[in-house]
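As structure tokens, the structure follows; a few thoughts come after it.
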There are 2 protein chains.
Amino acid sequence: MTLDRIRHPALHGKVMTATDAARFIQDGMTVGMSGFTRAGDCKAVPAALAQRAESEPLRITLITGASLGHDTDKILADADVLARRLPFQVDRTLRRKINAGEVMFIDQHLSETAEQLRGHHLAPVDVAIIEATCITEDGGLIPTTSVGNSAQFVQQARHIIIEINESVPTSFEGMHDIYNLEERPHRQPVPLTAADQRIGQPHIQLDLDRVAAIVFTREPDSPSNVLPPDAETRAIAAHINRFLAQEVKAGRMPDTLYPLQAGIGTIANAVLHGFEESDFHGLTMYSEVLQDSAIALLDSGKLAFASAASMTLSGDVYQRVIDNMEFYKSRIALRPQEISNLPEIVRRLGIIALNTALEFDIYGNVNSTHVNGTHMMNGIGGSGDFARNAHLSIFVSKSIAKHGDISSVVPMVPHMDHNEHDVDILVTEIGLADLRGLAPRERAIRIIDNCAHPDYREELRDYFNRACQYAGGQTPHLLDEAFSWHTRYLKTQSMKPA
Amino acid sequence: MTLDRIRHPALHGKVMTATDAARFIQDGMTVGMSGFTRAGDCKAVPAALAQRAESEPLRITLITGASLGHDTDKILADADVLARRLPFQVDRTLRRKINAGEVMFIDQHLSETAEQLRGHHLAPVDVAIIEATCITEDGGLIPTTSVGNSAQFVQQARHIIIEINESVPTSFEGMHDIYNLEERPHRQPVPLTAADQRIGQPHIQLDLDRVAAIVFTREPDSPSNVLPPDAETRAIAAHINRFLAQEVKAGRMPDTLYPLQAGIGTIANAVLHGFEESDFHGLTMYSEVLQDSAIALLDSGKLAFASAASMTLSGDVYQRVIDNMEFYKSRIALRPQEISNLPEIVRRLGIIALNTALEFDIYGNVNSTHVNGTHMMNGIGGSGDFARNAHLSIFVSKSIAKHGDISSVVPMVPHMDHNEHDVDILVTEIGLADLRGLAPRERAIRIIDNCAHPDYREELRDYFNRACQYAGGQTPHLLDEAFSWHTRYLKTQSMKPA
Ligand SMILES: CC(C)(COP(=O)(O)OP(=O)(O)OC[C@H]1O[C@@H](n2cnc3c(N)ncnc32)[C@H](O)[C@@H]1OP(=O)(O)O)[C@@H](O)C(=O)NCCC(=O)NCCS
Ligand SMILES: CC(C)(COP(=O)(O)OP(=O)(O)OC[C@H]1O[C@@H](n2cnc3c(N)ncnc32)[C@H](O)[C@@H]1OP(=O)(O)O)[C@@H](O)C(=O)NCCC(=O)NCCS
């Protein structure tokens, strides 16, 4: 531990252990923690909190940027510390408790949490716990690998706990771009007009009086755990590349495209890797998370600039970034998630949004969150912020799951995260369906023909034809049959007819 | 007919009959017409078009701002002129053809149509037919009672047909505020930061070379046909007033509130009338349509300014407006619908959005378009532009329809226009459910307790309890029973158990 990282001397006296810092958190409080898709989460205080819960009643509302690393959600869930959790998670143990109704999970558009705090739709944050690279002479907090909602938490919390992570090089200073939205009714336009523009400060300004504790840590982020591309995700990427090339050829987009957004997870990462094989160059990203694929594209020169709220990398790739910090710092900006995902900017820049569906239906409505319509997988994340306002909203999925026992193209989704209006293009390894300008009945034919797996295609056609014949309407459905594929799966572990 | 209204003399030679003007429209073309919820639609050329279709093949794609008056959609549908129609409609005959699959209807977020034309997601507009008050010396077209998508149609069309309506007083000049979005990637922030601000020009600039025809008309708009408030809509309005007063008292909003948006139709109009009985003052509207209620609020001084894309009034109220034009012109701005509904501005201003649901489910997902999940009523309109980005998204509905045979609160909506993330407050005449910060299971209890009609409340509770017990999950549902209320209604004309 070296006090060099606390450049404002008035704060030196605030250094303490994680256990001591955790005492600022009381039963019933709302806690805002840094951390977005495993990146830049705080490492020490949450564990101390879980430990305290062994001996005293301690249940909190936990708000983060997005998901956490270090099994923090598991540890807190196991210790029964989480009464409420928002806005996103990916942990298996927490997921089980959410689906059992034991933790109240408020699934949110990721651009909206800060806004709801600011507007007092949510109880205010009592304590903020924020990971930092260092604290500047002027009391500015330099974040680490994510920004998430940290700026809003710091602005609102009564007590601010800072975890200075000594494993993160101080060269991170300058990568962040912190822009604070004004309170209404004095809100101004956000002046960003290009993905590579910086509009704010490199730090989150601290109110020193509210800094309650500083804790030193040295554990790195949990590395990304996405799987490498496979035959299906490579096919999906190829369909998308071909389609975008056609768009450029038809004069509908410049040859550097519009800024790309890519969702979290294995499939989105693989699709983005696909751009390495394309002829595109001078691309930009205006996204929520940067995964390994984004760094690979920066390395290859295909990508000129990447903007996001976090950087979730595997160990090797993270090492490459910190070893070549000047290269990456001039090509990456990390922003608050309400800016990375802001509808205003998504629409202005004309983002090409690439998000992943668990399943979609014959009319192009998407379920990305609820398995069988009831059980939460992760959450909607930022997909709605992007899909609604994008120039092109693309959703991808493999055509089947669970070795073919599940078709990802179904008659009707039993939970809807994105409806037809927000879904322009659907892609599976089978093919791509361009749905722009089509009415629902036309969408159905194109989706079934182009995206459904052959094992399920005829049955989908049959459903659609009978729905047109017996029910009719703008969006024909047989209500007593619409979920029969899902109920069959629940009974027999397969959507295939017996 | 007087040429005084064509102040640019080079255009005098373009005057012709509607029949002659209609000849610019050929089979297979895309036609963009002015008109938004009965206001400012073109009156003569559509009828001439229908007549021509009697003797020659003539099928077009018709794009408007929103719905039309003068039975234009009925006349064109009866004449089989409409192959495709977007983005909104309310006509009974057209609705029948849409639901029979005979007209392809592309239901859209109303802010997005112009964007999709600009981005070439839709086939370009061949001919624009725009109602005007007059044409200025500089070739500026002054619209009448709506702006809708007219500016975009004029920008894109190869041939522009103008209908000058002599029944509209020329004093309308100055009421409109036309702002054009730049092409990407050069798009700038839209500089509007308050509902009463003017940021553009009072006219739509014409390219004189593309003006193909000018037709004179004198028929006024079809008057608004909404029904007066009744006991239920008055009760809904009272719940909303009480709630907003509490929000102000709790310091969550200024006492002039944030700008109000109110949807189309009888219920939204009645709810807005309810503000006349409130203690609020200095209110503003940033909405899509102004109905009679907005004018009444301006008259009473409760409303300081109203911004919208159109003005759909009853005959008397319209007369009052034109008789006191200077008063209203300083208090009303009519804008392009992509500006009145722009997510960027809705979010910046922190709109309070009031929209109407056909039905909603126990988790607060809203169906505002598809009766029984299949049959199109009107369309999603601008409700999604506002609900997604509002500071407060309120949806209203009577708790029952069809004399109690339909419950507007159902286990699961069979079509979803707005999902839980975009619905903060639900109101029926029974009561108001404040859903902010709640997880789905908590939302269910509050919605059933506060909004459901007593005749259906116990059955909803029973469904929810059994769904929690047998299915569980973040959003418990019994998939083989979720639509049983709707299928029962289809069989017995009542959702009530036999
Ligand atoms: C949809 C989502 C879960 C896919 O994740 P992924 O890692 O790319 O995809 P995978 O194919 O590995 O699927 C993840 C799991 O879902 C399962 N799955 C896929 N389709 C399924 C379906 N239709 N029904 C049930 N399970 C399904 C897979 O079998 C896999 O299960 P496993 O973890 O037990 O192996 C993920 O993208 C997500 O949570 N999206 C929502 C949030 C979002 O879009 N955020 C980005 C905004 S920037
Ligand atoms: C939802 C909507 C149809 C309600 O219209 P309204 O005029 O306020 O309300 P009404 O109570 O008169 O209802 C209209 C009809 O729907 C029927 N209805 C209401 N609830 C119903 C339900 N759950 N199932 C079936 N029919 C229902 C009514 O009985 C009435 O039928 P009728 O015309 O045969 O008498 C209308 O607001 C709409 O189209 N909304 C979607 C678009 C939108 O929100 N635009 C505004 C954005 S700015």
Distance, nearest 0.5 Å, that separates NE2 of H421(B) from CG of D385(A): 10.5 Å
Test E344(A) against every option in R347(B), R348(B), R187(B) by the salt bridge (Lys or Arg N to Asp or Glu O under 4.0 Å) rule and name the one that passes. R348(B)
Is there side-chain contact between F483(B) and H477(A), with heavy atoms separated by less than 4.5 Å? no
Give, as side chain, backbone, both or neither, the part of L122(B) having an atom under 4.5 angstrom from any heavy atom of chain A. side chain
So, the part of Y258(B) with a heavy atom under 4.5 Å from chain A: the answer is side chain
I'd like to check E442(B) versus R84(A) (side-chain heavy atoms, cut-off strictly below 4.5 Å). Are they in contact? yes
What option among G472(A), A123(A), P191(A) has the most heavy-atom pairs under 4.5 Å with chain B? G472(A)
Largest heavy-atom contact set with chain A, pairs under 4.5 Å, which of T61(B), N365(B), T369(B), D422(B): D422(B)
Kindly compute the distance separating CD1 (I106(A)) from CD (E420(B)), expressed to the nearest 0.5 Å. 10.0 Å
Hey, which of H121(A), R96(A), M412(A) has the most heavy atom pairs under 4.5 Å with chain B? H121(A)
Tell me which of these, R184(A), M104(A), E115(A), has more heavy-atom pairs under 4.5 Å with chain B than the rest. R184(A)
Using non-hydrogen atoms only, which part of D107(B) is less than 4.5 Å away from chain A: side chain, backbone, both, or neither? both
Quick check for you: among S111(A), G384(A), P259(A), which has the greatest number of heavy-atom pairs under 4.5 Å with chain B? S111(A)
Taking G101(A), P185(A), P440(A), G373(A) one by one, which has the highest count of heavy-atom pairs under 4.5 Å against chain B? G101(A)
Of the backbone (N, CA, C, O) and the side chain (C-beta and beyond), which part of N419(B) lies under 4.5 Å from a heavy atom of chain A, both, or neither? side chain
Atom NE2 in H370(A), atom CD in Q474(B): separation rounded to 0.5 Å? 5.0 Å
Taking C-beta and beyond as the side chain, do Y363(A) and H415(B) meet within less than 4.5 Å on heavy atoms? no
One option among L438(B), V103(B), T487(B) has the most heavy-atom pairs under 4.5 Å with chain A, and it is L438(B)
Looking at chain A, which one of N99(B), V371(B), L86(B), I345(B) has the largest number of heavy-atom pairs inside 4.5 Å, strictly under? N99(B)
Any non-hydrogen side-chain atom of R388(A) less than 4.5 Å from a side-chain atom of E112(B)? yes
Engaged part of P476(B) at the chain A interface, taking heavy atoms whose separation is under 4.5 Å: backbone
Do P189(B) and T193(A) have side chains that approach each other closer than 4.5 Å (heavy atoms only, starting at C-beta)? yes
Looking at CE of M416(A) and CE of M416(B), how far apart are the two atoms once the value is rounded to the nearest 0.5 Å? 5.5 Å
Check each atom of V190(B) against the heavy atoms of chain A and say whether the ones under 4.5 Å are side chain, backbone, both or neither. backbone
Report the option among I98(B), L181(B), L192(B) that has the most heavy-atom pairs separated by less than 4.5 Å from atoms of chain A. I98(B)
Proximity breakdown for I380(B) and chain A, heavy-atom pairs closer than 4.5 Å: side chain
Most heavy-atom pairs under 4.5 Å with chain B, out of E247(A), Q188(A), H375(A), belong to H375(A)
H109(A) side, atom NE2; N389(B) side, atom CG - distance, nearest 0.5 Å: 8.5 Å
Distance check, rounded to the nearest 0.5 Å: T475(B) atom OG1 versus N372(A) atom CG? 12.5 Å
